[in-house]
2 protein chains.
Amino acid sequence: MNETSGTAAAQPTERIPAAERREQILAAASVVFGERGYSGATTDQVAKAAGISQPYVVRMFGTKEKLFLEVLARALDRLIVGFRQIIAEPREPGDDEVELLAARLGAAYVDLIEDRGILLSLMQAFISGHNPVVGAKARAGFLEIYRMLRDEAGFPPDAIREFLADGMLFNTLLAIRLPDIFDEDPDAEELMRCTFRGKLDVVLGATAAEAAEHA
Amino acid sequence: MNETSGTAAAQPTERIPAAERREQILAAASVVFGERGYSGATTDQVAKAAGISQPYVVRMFGTKEKLFLEVLARALDRLIVGFRQIIAEPREPGDDEVELLAARLGAAYVDLIEDRGILLSLMQAFISGHNPVVGAKARAGFLEIYRMLRDEAGFPPDAIREFLADGMLFNTLLAIRLPDIFDEDPDAEELMRCTFRGKLDVVLGATAAEAAEHA
DNA sequence: GGATGTTGTAATTGAATGATTACAAGATAG
DNA sequence: CTATCTTGTAATCATTCAATTACAACATCC
């Protein structure tokens, strides 16, 4: 199409509007930061994952830190907006109102953090409490979720604790890649099942299928 | 004592047996790795925290990675040994046998991860699932805890899930330094209290006291 | 009291990496 | 057609940092 030399090998990177390229970089950065951590990730790895050159990544976001903060803000935003949407859905009052809403929120959460980039970017932020900027964002985000469950969802304290605790355990089991060793150690799958009591078979089905496919 | 020049300013670093120095380095490394992560921490920071020179740190452990693995192994070991000790304690059978044991284990866990180095080293390991060596250790450690609760403590699945989930939530709230903003945002303390339902007032008291002192 | 082992550091090196600069090529307006 | 803006890269710089080397001071053994 737009090649001038007939047998060009390395395609000269399509020209793409900055706004769109920005999204590509953020998506790539989410994965790379998630895998290697803020310090462990390099702007060059992000660039390669996004299919562009390293200087372009830096110029687009100014510094590596600003890029990371943007990735984190996006992840938190998706989480909060997603939850708020579900809570806003009309629901009829009843005995199991809280339980049902918790299940819906849980499913949404699972959907979200199956994106490993989002999961790990969030967890990276959790352990950056010492960093004034990142730490403050992590605390603020966590508190906003708490207030949402308390005020908008109307959860009683025990339901909040259980919901958050289960979420953090799920985070951890996914982060350590427990499903990766389902076939090596049956206890791994047992722990995963024990964690979800079948109430989230969707996820388990997906990850187990992945594992089976890989075996 | 062993000063040759009377007015020596920079003390020439006391000679200490290698084994003891090793422990000092491991203690310092636990803190530094916990705060900055594996990639973010430098051997020089560890050295300074331990009060020795950077090359000595490297020579003692060969590489930075080996040092980190040793720190992680220590943390996991303290956790596992500590739990096993409590489980082995004689206890009379009864209705609340599991609940009581869970409370004891919880208290021990809290004691342990109040050492921020241990808390964060463990959490660093959790999000290193992609790293073959660190990831494998994290998975193995988590599974060992699971088996201990199931086989040695005799916990039913629900008790295991609840125990682990509460632990992970506690990890997270401590990691993001929620107690640091108790005085800025009353919801922070409320979330912390909601999380523990007063069953672990020891901890809350300690961190609140810290915060008050700082205010 | 010399030889050997242990405990330590200063100086340096080589690689990695975030950031900058300078430049090129395509699009768009006048 | 020329000027300008946008989208992109190659080359390079300055810094950081893990690791190495070479050496010094103390201790212990014969």
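A note on names: the letters A, B, ... follow the listed sequences, proteins ahead of strands, and every chain is numbered from 1.
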Among all residues two or more places apart in sequence or in another chain, which pass the salt bridge (charged side-chain N to carboxylate O under 4.0 Å, His left out) test with [X]?
| X | value |
| --- | --- |
| B:E144 | B:R84 |
| A:D185 | B:R147 |
| B:K48 | B:D44 |
| A:R139 | none |

Members of residues 35-50 of chain A that approach DNA chain D, where some heavy atom sits under 4.0 Å away
none
Residues from residues 56-64 of chain B sitting under 4.0 Å of DNA chain D, heavy atoms only?
B:T63, B:K64
Heavy-atom contacts under 4.0 Å between residues 17-32 of chain B and DNA chain C, which residues?
B:P17, B:A18, B:R21
Sequence-distant partners of A:E190, side chain to side chain contact (heavy atoms under 4.5 Å, CB included), two or more places apart
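Partners of A:E190 by the side chain to side chain contact (heavy atoms under 4.5 Å, CB included) criterion, ordered by chain and then number, come out as A:D187, B:Y146, B:R150.
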Mind checking what makes side chain to side chain contact (heavy atoms under 4.5 Å, CB included) contact with A:A41, not counting sequence neighbours?
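Checked A:A41 against side chain to side chain contact (heavy atoms under 4.5 Å, CB included); matches are A:V32, A:F33, A:R36, A:Q45.
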Measure from CZ on A:R15 to P on D:dT6 and round the result to the nearest Å.
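Roughly 10 Å, once rounded to whole Å.
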Whole-Å distance between D:dG8 P and A:I16 CD1?
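Going from A:I16 (CD1) to D:dG8 (P), I get 6 Å.
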Could you walk me through whether A:L69 and A:K64 satisfy the side chain to side chain contact (heavy atoms under 4.5 Å, CB included) test, starting with their C-alpha distance in whole Å, then the side-chain angles of each, then the deciding distance to 0.1 Å, before giving a yes or no?
CA-CA 9 Å; A:L69 287 174; A:K64 178 181 162 181; over 6 Å; no
When you check the gap from the basic side-chain N to the acidic O, do A:R177 and A:E184 get nearer than 4.0 Å?
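A:E184 and A:R177: not salt-bridged.
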With side chains defined as the heavy atoms from C-beta onward, is the minimum distance between A:D166 and A:T195 less than 4.5 Å?
no
Kindly state whether the ring of B:F170 and the ring of B:F196 have centres lying under 6.0 angstrom apart.
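Here the rings of B:F196 and B:F170 have centres that are less than 6.0 Å from each other.
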Looking only at the side chains, is there a donor atom on one of A:N171 and A:Y109 sitting less than 3.5 Å from an acceptor on the other?
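A donor-acceptor contact under 3.5 Å links the two side chains.
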Angle between the two end axes of the helix from C:dG1-D:dC30 to C:dG30-D:dC1, five base pairs per end, rounded to 10 degrees?
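About 10°, once rounded to a multiple of 10°.
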Solution key, residues 71-79 of chain B side-chain donor-acceptor pairs under 3.5 Å, sequence neighbours excluded:
from  : atom 1 : to    : atom 2 : distance (Å)
B:R74 : NE     : B:E70 : OE2    : 3.4
B:R74 : NH1    : B:E23 : OE1    : 2.8
B:R74 : NH2    : B:E23 : OE2    : 3.1

Quick one: list whatever passes ring-ring contact (aromatic ring centres under 6.0 Å, His included) with B:F83, sequence neighbours left out.
B:F163
Closest of D:dA10, C:dT9, C:dA25 to the A:P55 side chain is D:dA10
